[in-house]
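First the proteins, then the strands, lettered A, B, ... as listed; each starts at 1.
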Amino acid sequence: MQQSKMLIPTKKEAPSDAEALSHKMMIRAGYIYQVSAGVWSYLPMAYRVIRKVENIIRQEMEKAGAVEMLMPGLLPADLWKESGRYEAYGDNLFKLKDRRDRDFILGPTHEETFTEVIRDSIKSYKKLPLVVYQLQDKFRDEDRPRYGILRGKEFEMLDGYSFSADQKGLDQAYDLQAKAYRNIFDRVGLNYKVILADSGTMGGKNSQEFSAPAEVGEDVIAYTDGGYAANLEKATSKFTGVQQTDEPKELEKKPTPGAHSVDEAAESLGMESDQIIKAMFYMAKMSEDESQPVLVLMRGNDEVNEAKLKDELGCEELELASEEDAVKYLGAHPGSLGPVGVGEEVKIYADNYVKVMVNMACGANDDGHHYINANIDRDFRVDQFGDFRNVKEGEIAPDGHPIKFTPGIEIGHIFKLGTHYTHQLGAQVLDKNGRLVDVIMGSYGIGVTRLLSAVAEQTADENGLVWPDSIAPFDVHVIPVNAKKDEQMKMANEITVNLEKAGYEVLIDDRKERAGVKFADSDLIGIPIRVTVGKRASDGIVEIKIRKTGETVEVKTEEVADTVGILLKQLSEQNTNEAD
RNA sequence: CGGAAUUUAGCUCAGCUUGGUAGAGCGCUGCGUUCGGGACGCAGAGGUCGCAAGUUCAAAUCUUGUAAUUCCGACCA
């Protein structure tokens with residue numbers, strides 16, 4: 001491919017508002033072009049990378065026994081109203097109307113759409129299990145698109161769905177998908193972790209998340225050298241609390257004027273923050289019109305983990321109560337809230353670490369006052385103890401190793417959905433015994449365009465992008481240093497033809513640019529191998545440079561194809577090793 | 001949904017405080033020199049200053065509204 005015929009609008013400067021390395025470099029390298037906030041055009045180079053990724057996905061899906069199909073992005077709202085997600089999905093759902101005023105949506109995910117097909121097409125367990133998938137653009141009206149194509153309003157996704165008549169079928173499909181996902185991420189050259197995850201609004205209990213450690217990651221991964229890895233929302237550590245044995249002292253109310261945070265209260269009372277109880281007041285939405293006030297007690301220096309709390313409560317939504325609600329139920333503003341004297345209408349949940357404490361300090365439900373020497377049962381009741389806190393770095397994970405934190409980009413997620421959607425939409429089959437059973441569903445997704453961001457984020461350097469050979473837009477970049485010299489152009493063309501004959505994809509920079517411009521652009525666009533045809537062309541010698549390492553070798557022209565083959569193989573093996 | 005900032009040439013930005021009719025660098029076109037790490041000289045093209053209304057003899061500049069974009073927070077595949 002001749003570079004003069006490509007559209008690769010490279011830039012010297014990145015937009016001032018670009019933050020992430022991948023964002024800056026993909027723009028500077030002429031890969032992506034912004035159309036609107038969170039909406040991007042994929043220029044020829046980016047699209048080649050996307051197609052490479054898609055091919056890897058298709059191969060691995062086929063190995064896993066999944067079959068590709070394509071659903072529309074434009075969906076009638078009816079099904080979503082039926083499943084309840086037309087409302088539940090919230091503002092991220094793009095809603096629109098057709099000319100007859102019928103409600104439509106732009107699909108943000110396709111559980112309903114696939115379930116409907118299965119419901120109407122499959123009536124017997126004999127046709128199951130079935131695993132289908134698609135590569136398609138999804139639409140989510142993200143309030144805050146970020147970091148180039150990392151979080152967009154329209155993005156390409158691999159979404160797959162398994163349908164089984166029994167749990168065993170689901171387990172098998174899930175395991176096959178998990179294996180396929182590992183293969184895909186290995187092959188695209190990504191450093192990633194498989195982590196325990198919270199399933200969010202998707203429903204279903206069992207899920208694994210695939211996350212790529214990167215500075216701009218929006219999630220926190222808690223992991224260990226022993227192999228444990230979990231989303232912060234799910235991470236647990238060994239309980240190391242020790243029952244305090246001090247004699248209970250008399251409950252005493254102290255003024256703590258102006259103290260709103262735990263630290264301020266600690267200072268005001270002259271005690272350590274870990275002897276203070278932090279009381280967070282939440283409203284848990286249990287159903288459409290029923291909200292349960294919940295007071296959560298934590299050790300002062302711990303943070304509430306809302307996902308864990310939400311699981312325990314089994315509520316639909318959980319949010320911090322408003323100041324008005326705090327005053328209404330507890331009689332004070334946040335900062336002075338506590339469990340003493342709280343009525344039965346407010347549920348009191350407490351973290352396990354609170355259970356072992358005696359003589360605690362806590363808000364007195366009287367603005368500007370705290371109690372000291374509060375004790376469980378004697379001074380206040382706790383309805384439920386549990387693990388409701390975020391783990392911290394250095395704590396011991398379930399595998400016995402100390403926990404470390406890293407930000408991560410979520411690149412894939414697989415769920416054992418169960419019968420949530422099939423039950424709602426009536427997708428049932430006859431089982432062996434002739435009984436109607438709900439089909440059991442699994443849901444699997446990879447953000448394809450986000451994958452590009454994640455890889456770029458992990459591999460780019462200060463000179464530009466550095467694509468792993470498996471998904472690079474081209475294998476080799478051939479650069480005649482001076483396109484006006486016939487000798488160099490002729491040799492470069494010959495090398496290009498030979499490499500293409502040998503099965504490589506080659507981009508030849510046939511532009512009449514100066515050497516510096518060509519080299520800078522070459523570094524920016526990040527093709528793994530560069531062949532420079534320059535001064536020593538007349539001796540039949542060219543230079544081969546590896547983009548990733550900067551290493552160069554000089555070889556005779558007739559050895560170029562062989563050398564490129566060896567180098568690409570080495571790079572590919574390095575990637576495989578690093579991905580492990 | 002709260003809070004903040006930005007919007008002037010294809011890109012990165014100056015000009016605005018103190019109103020007088022548009023600037024730089026890069027990029028682009030032509031000519032010449034140069035030719036292995038974003039060269040240099042000369043000559044050019046290119047902007048109803050986000051949009052709308054207002055104040056004024058006069059608005060990029062002041063006022064009001066509005067939109068887009070970005071950041072912080074909230075929310076969340």
May I have the distance from [X] (atom [atom1]) to [N] (atom [atom2]), rounded to whole angstrom?
| X | N | atom1 | atom2 | result |
| --- | --- | --- | --- | --- |
| A:Trp40 | B:U69 | CH2 | C1' | 11 Å |
| A:Lys153 | B:U69 | NZ | C1' | 11 Å |
| A:Glu218 | B:C71 | CD | C1' | 14 Å |
| A:Asn92 | B:C1 | CG | C1' | 13 Å |
| A:Lys24 | B:U12 | NZ | P | 13 Å |
| A:Glu13 | B:A9 | CD | C1' | 14 Å |
| A:Leu320 | B:G73 | CG | P | 16 Å |
| A:Tyr147 | B:C71 | OH | C1' | 10 Å |

Item to check | Nearest to side-chain heavy atoms of A:Arg146, which nucleotide of B:C71, B:U69, B:G25 | outcome: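 Side chain of A:Arg146 sits closest to B:C71.
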Item to check | Nucleotide nearest A:Asp17 (side chain, heavy atoms from C-beta), chosen from B:C1, B:U69, B:U12 | outcome: B:U69
Between [N] and [M], how far apart are the two [atom1] atoms, rounded to whole Å?
| N | M | atom1 | answer |
| --- | --- | --- | --- |
| B:G47 | B:G27 | C1' | 15 Å |
| B:A45 | B:C62 | C1' | 34 Å |
| B:G23 | B:G46 | C1' | 13 Å |
| B:C28 | B:U66 | C1' | 34 Å |
| B:C42 | B:G10 | C1' | 23 Å |
| B:U63 | B:U7 | P | 15 Å |
| B:G65 | B:A4 | P | 14 Å |
| B:G25 | B:G20 | P | 23 Å |

Opposite nucleotide pairing with [N], Watson-Crick or G-U, both atom distances under 3.5 Å:
| N | value |
| --- | --- |
| B:C57 | B:G20 |
| B:C49 | none |
| B:A43 | B:U29 |
| B:C35 | none |
| B:C76 | none |
| B:U7 | B:A67 |

Item to check | Interatomic distance, A:Lys193 atom NZ to A:Asn191 atom CG [nearest 0.5 angstrom] | outcome: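 Atom-to-atom, A:Lys193:NZ and A:Asn191:CG are 6.5 Å apart.
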Next on the checklist: Would you compute the distance between atom CG of A:Asn183 and atom CD1 of A:Ile56 and round it to the nearest 0.5 angstrom?
Outcome noted: 10.5 Å
Checklist entry - Which class fits the ring pair A:Phe388 and A:Tyr349: parallel under 30°, tilted 30 to 60°, perpendicular over 60°? => result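 Correct class here is tilted.
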Next on the checklist: Using 30° and 60° as the class boundaries, would you call the ring planes of A:Tyr181 and A:Tyr444 parallel, tilted or perpendicular?
Outcome noted: perpendicular
Checklist entry - Among A:Glu319, A:Lys310, A:Glu306, which residue meets the side chain to side chain donor-acceptor pair (under 3.5 Å) test with A:Tyr282? => result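 Between A:Tyr282 and the candidates, side chain to side chain donor-acceptor pair (under 3.5 Å) is satisfied uniquely by A:Glu306.
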Checklist entry - Does a side-chain N or O from A:Ser16 land closer than 4.0 Å to OP1 or OP2 of B:C13, or not? => result yes
Checklist entry - Would A:Arg547 and A:Asp461 count as a salt bridge (charged side-chain N to carboxylate O under 4.0 Å, His left out) if you check the C-alpha gap in whole Å, the side-chain angles of each, and the deciding distance to 0.1 Å? => result CA-CA 10 Å; A:Arg547 172 66 181 89; A:Asp461 61 23; 2.8 Å; yes
Checklist entry - So, A:Gln134 and A:Asp159: side-chain donor and acceptor under 3.5 Å apart, yes or no? => result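 A:Gln134 vs A:Asp159: donor-acceptor pair found between side chains.
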Checklist entry - Can a donor-acceptor pair be found between the side chains of A:Tyr42 and A:Glu156 at a distance below 3.5 Å? => result no
Next on the checklist: Both A:Glu142 and A:Asp91 contact RNA chain B. Which one's nearest nucleotide lies toward the 5' end?
Outcome noted: A:Asp91
Checklist entry - How would you label the contact of A:Pro9 with the nucleic acid (heavy atoms, under 4.0 Å): base, sugar-phosphate, or nothing? => result nothing
Checklist entry - Which letter, B, S or -, goes with each nucleotide of nucleotides 33-44 of chain B from 5' to 3', with contact meaning a protein heavy atom under 4.0 Å? => result -BBBBBB-----
Checklist outcome for this item: Taken in chain and number order and not counting sequence neighbours, the residues that satisfy side chain to side chain contact (heavy atoms under 4.5 Å, CB included) with A:Thr549 are A:Ile546, A:Glu551
Item to check | For RNA chain B, the residues among residues 446-457 of chain A that have a non-hydrogen atom under 4.0 Å from it | outcome: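 Hits under 4.0 Å, by residue number: A:Arg450.
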Next on the checklist: Any side-chain to backbone donor/acceptor pair from A:Asp510 onto A:Gln3? Under 3.5 Å, distance only.
Outcome noted: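 Indeed, once roles are kept as given, a pair shorter than 3.5 Å links the two residues.
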Item to check | Pair A:Glu209 + A:Lys234: basic N to acidic O under 4.0 Å | outcome: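 Between A:Lys234 and A:Glu209 there is no salt bridge, as every charged N stays at least 4.0 Å from the carboxylate O atoms.
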